[in-house]
There are 2 protein chains.
Amino acid sequence: MKIDDNIAKKYNLTEEEISLTMRGYAPLTVRANEFFLKEGDICNYIGFVIKGLLRSFIYDDYANEITSDFFPENTLIISFDSFNNRVPSKENIKAIENSELMVISYEKQKELYDKIPAWNLICRDLADYKSREMIERANRFQTMSATERYQTFCNEHPDILQRTTLGSIASYIGVDIATLSRIRKKK
Amino acid sequence: MKIDDNIAKKYNLTEEEISLTMRGYAPLTVRANEFFLKEGDICNYIGFVIKGLLRSFIYDDYANEITSDFFPENTLIISFDSFNNRVPSKENIKAIENSELMVISYEKQKELYDKIPAWNLICRDLADYKSREMIERANRFQTMSATERYQTFCNEHPDILQRTTLGSIASYIGVDIATLSRIRKKK
DNA sequence: AGAATTGTTTGACAAAAGTCAAAAACGGTT
DNA sequence: AACCGTTTTTGACTTTTGTCAAACAATTCT
C-alpha cells in the first residue's frame, strides 16, 4: 500500500515512520501485455498503480481467461494469499496499458511490519476492505441478471469501459461475449 | 476467534496470553430462529460455534432472504465490517438450530489487540482467509452452472445439506427454489 | 498497402433458468 | 387424527443466456 496523507493521518504515523515507509518503495514500469505476476510464481511485490491499467485473471477448464479484477490508477495490486503466505499465485496479473507502478518487496514490507506497529493494522484493514469488496461481488452474481451486472460495472468503472476489450469485461461479469455484445446493443 | 492449540502454536502465544484470551470468552445460547445479529445493529460479539447451525442473510429488493453464509460447528461468526469499524451491520445472522456459542465482546477483543501483538496478525490472517473464501465464491458464480454450484455445495457442506431448507440453499447458490428442486430430482 | 491477427457483431438455434400457480408433502399443535 | 402453516414438487410456459459459425471491423505487422 502506497503511503499517502490520509493513511498517515488515520494511523498516526510519525515523520520517521512515513519516511521509512517511503524509502521502501521503488518505481516499476510494466508495458502493455507484460505480466506483473504469473500464475505459479510467488508474489514478491505489492504494487500501487500511478498510471495505466492492469487486470488479473485465472484460466477456466477450457483455457479461457476469466478476469477477476481491474487495476486502474490509484489502486493497489497484490495477490494477498501469495504475498502473505509465500505460496504460488493462482492468478495472473497483466498490464492492459503501459503502466507505471510503485512497488515494495516482501522483505521491505516485512521490515515495516516489524518496525512500524501500525502497519499490521493497516494491512488488517486492507484485507478487510478487500474482503468486503468480494462479498459485494458475490452478492451481485447472486441477485442480479447479466444486464444489471453490466450496468453496475458501467456505473462503477466508467473509465475502464473504453480502455479494455469487451471480452475481458464479459468474463468479469460472467457472461458470454456474444451475450454482452447484445446487451450493449439494446441500450 | 476461539483460541485452540493450533492457533496457540502457530502464533507462539505464551501461557499467559492464552489464559488472558480464554478469560475473554463467555458462553451464549441462541435458540432456533432467534437472531445473533440484526441488520442495522452493530456487531458487538465475535462468536465461535460449539454446537448448532446458523446462517447469515440479506434482503433483496423484493424482501426475499438471500443466504450469504452458513455457520456450522467450529466456525467463526462475525460481521467483520460491523465489528471492526463499528458501523451498522448489513446482514442478519439467525440460528437455524438451537446453538451454543462462545463469544467475546468488542471491548475484550480490543484489549487482546492491545495486550497481545499476535492478535493483530491472527486477525489479519483471518480477514485474509475470509477474503480468499469470497474470491472462490465469486469465481464459482463466474464460471459454474447452477447444477455445478449445487454439486460443489454438496461436496463442501454434506453436513448442512440435511439441516436446512431447500430455499436457504437455493438463495445461497443463486438459483430459484423451483430450479433447485429440479436439479435435485435429476440426480 | 496488404496480410494476418484479434476483437466484435449477428443470426439461427439450443439449453438453462425463471415465473406462476396449483398440488402434494411435511412438521408441529391442538 | 384433523388442522394449520410452511416447504417442496410439478406442469406449462416464458425469458434469459449460451453455442456455433460466419461475417464484419479494427489493429498490428511486415
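Lettering of chains follows the sequences in order, A, B, ..., and the numbering in each one begins at 1. For clarity, every value in this text was computed on a predicted model and none was experimentally measured.
- Scored by the side chain to side chain donor-acceptor pair (under 3.5 Å) test, A:Asp125 finds A:Tyr11 as partners (sequence neighbours excluded).
- Taking side-chain N and O atoms only, A:Lys185 has a distance below 4.0 Å to OP1 or OP2 of C:dT10.
- Direction of the helix axis in the helix from C:dA1-D:dT30 to C:dT30-D:dA1 shifts by 40° between the two five-pair termini, rounded to 10°.
- The shortest side-chain heavy-atom distance between A:Val103 and A:Tyr25 does not fall under the 4.5 Å cut-off.
- Between the side chains of A:Ser145 and A:Arg149, not a single donor N or O lies within less than 3.5 Å of an accepting N or O.
- Hydrophobic cluster membership differs between B:Leu101 and B:Ile50, with clusters built from Ile, Leu, Val, Met, Phe, Trp and Tyr side chains linked at under 4.5 angstrom.
- Distance, B:Met144 CE to C:dA17 P: 13 Å, rounded to whole Å.
- A search for ring pair (Phe, Tyr, Trp, His ring centres under 6.0 Å) contacts involving A:Tyr113 returns nothing, not counting sequence neighbours.
- In this structure, A:Ile177 is a member of the same hydrophobic cluster as A:Ile173, with clusters built from ILVMFWY side-chain heavy atoms closer than 4.5 Å.
- In this structure, A:Glu65 pairs ionically with A:Arg55, as a charged nitrogen and a carboxylate oxygen lie closer than 4.0 Å.
- Among residues two or more places apart in sequence or in another chain, the salt bridge (Lys or Arg N to Asp or Glu O under 4.0 Å) test is passed with A:Glu100 by none.
- Running 5' to 3' along DNA chain D, contacts with non-hydrogen atoms of chain A at under 4.0 Å begin and end at D:dT17 to D:dT19.
- Proximity of residues 162-172 of chain A to DNA chain C (heavy atom under 4.0 angstrom from any strand atom) is restricted to A:Thr165, A:Leu166, A:Gly167.
- For B:Tyr172, the ring pair (Phe, Tyr, Trp, His ring centres under 6.0 Å) partners two or more places apart in sequence, or in a different chain, are B:Phe70, B:Phe153.
- Between A:Ile66 and B:Thr143, some side-chain heavy-atom pair lies under the 4.5 Å cut-off.
- Separating the CG atom of B:Leu180 from the P atom of C:dG18 is a distance of 10 Å, rounded to the nearest angstrom.
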Identify each atom pair where a protein N or O and an N or O of nucleotides 27-30 of chain C are less than 3.5 Å apart, giving names and distance.
none

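- Using a 4.0 Å cut-off between a side-chain N of Lys or Arg and a carboxylate O of Asp or Glu, A:Arg132 and A:Asp128 qualify as a salt bridge.
- One N or O on the side chain of B:Asp176 and one on the backbone of B:Ala178 form a donor-acceptor pair closer than 3.5 Å.
- Taking 4.0 Å as the cut-off between side-chain N and carboxylate O, A:Arg140 and A:Glu136 count as a salt-bridged pair.
- The nearest whole Å value for the distance from the OH atom in B:Tyr150 to the C1' atom in C:dA17 is 17 Å.
- Between B:Arg163 and B:Glu97 there is a salt bridge, since at least one side-chain N of the basic residue sits less than 4.0 Å from a carboxylate O of the acidic one.
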Restricting both atoms to N or O, compile the protein contacts to nucleotides 13-16 of chain C shorter than 3.5 Å, with distance only.
none

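- Taking the side chain to side chain donor-acceptor pair (under 3.5 Å) definition, one finds that A:Thr164 meets it with A:Ser168, sequence neighbours left out.
- Judged as a side chain to side chain donor-acceptor pair (under 3.5 Å), the pairs with a partner in residues 35-49 of chain B (not counting sequence neighbours) are, in order, B:Glu39-B:Asn92, B:Asn44-B:Arg86.
- Cluster membership for B:Leu112 and B:Leu126, using ILVMFWY side-chain heavy atoms within less than 4.5 angstrom, is shared.
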What protein N or O atoms touch nucleotides 19-23 of chain C N or O atoms at under 3.5 angstrom, if any, and at what distances?
unit_1 : atom_1 : unit_2   : atom_2 : d
C:dT19 : OP2    : B:Asp176 : OD1    : 3.4
C:dT19 : O4     : B:Arg182 : NH1    : 3.4

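- The pair A:Lys51-A:Glu73 does not meet the salt-bridge criterion, since no charged nitrogen lies less than 4.0 angstrom from a carboxylate oxygen.
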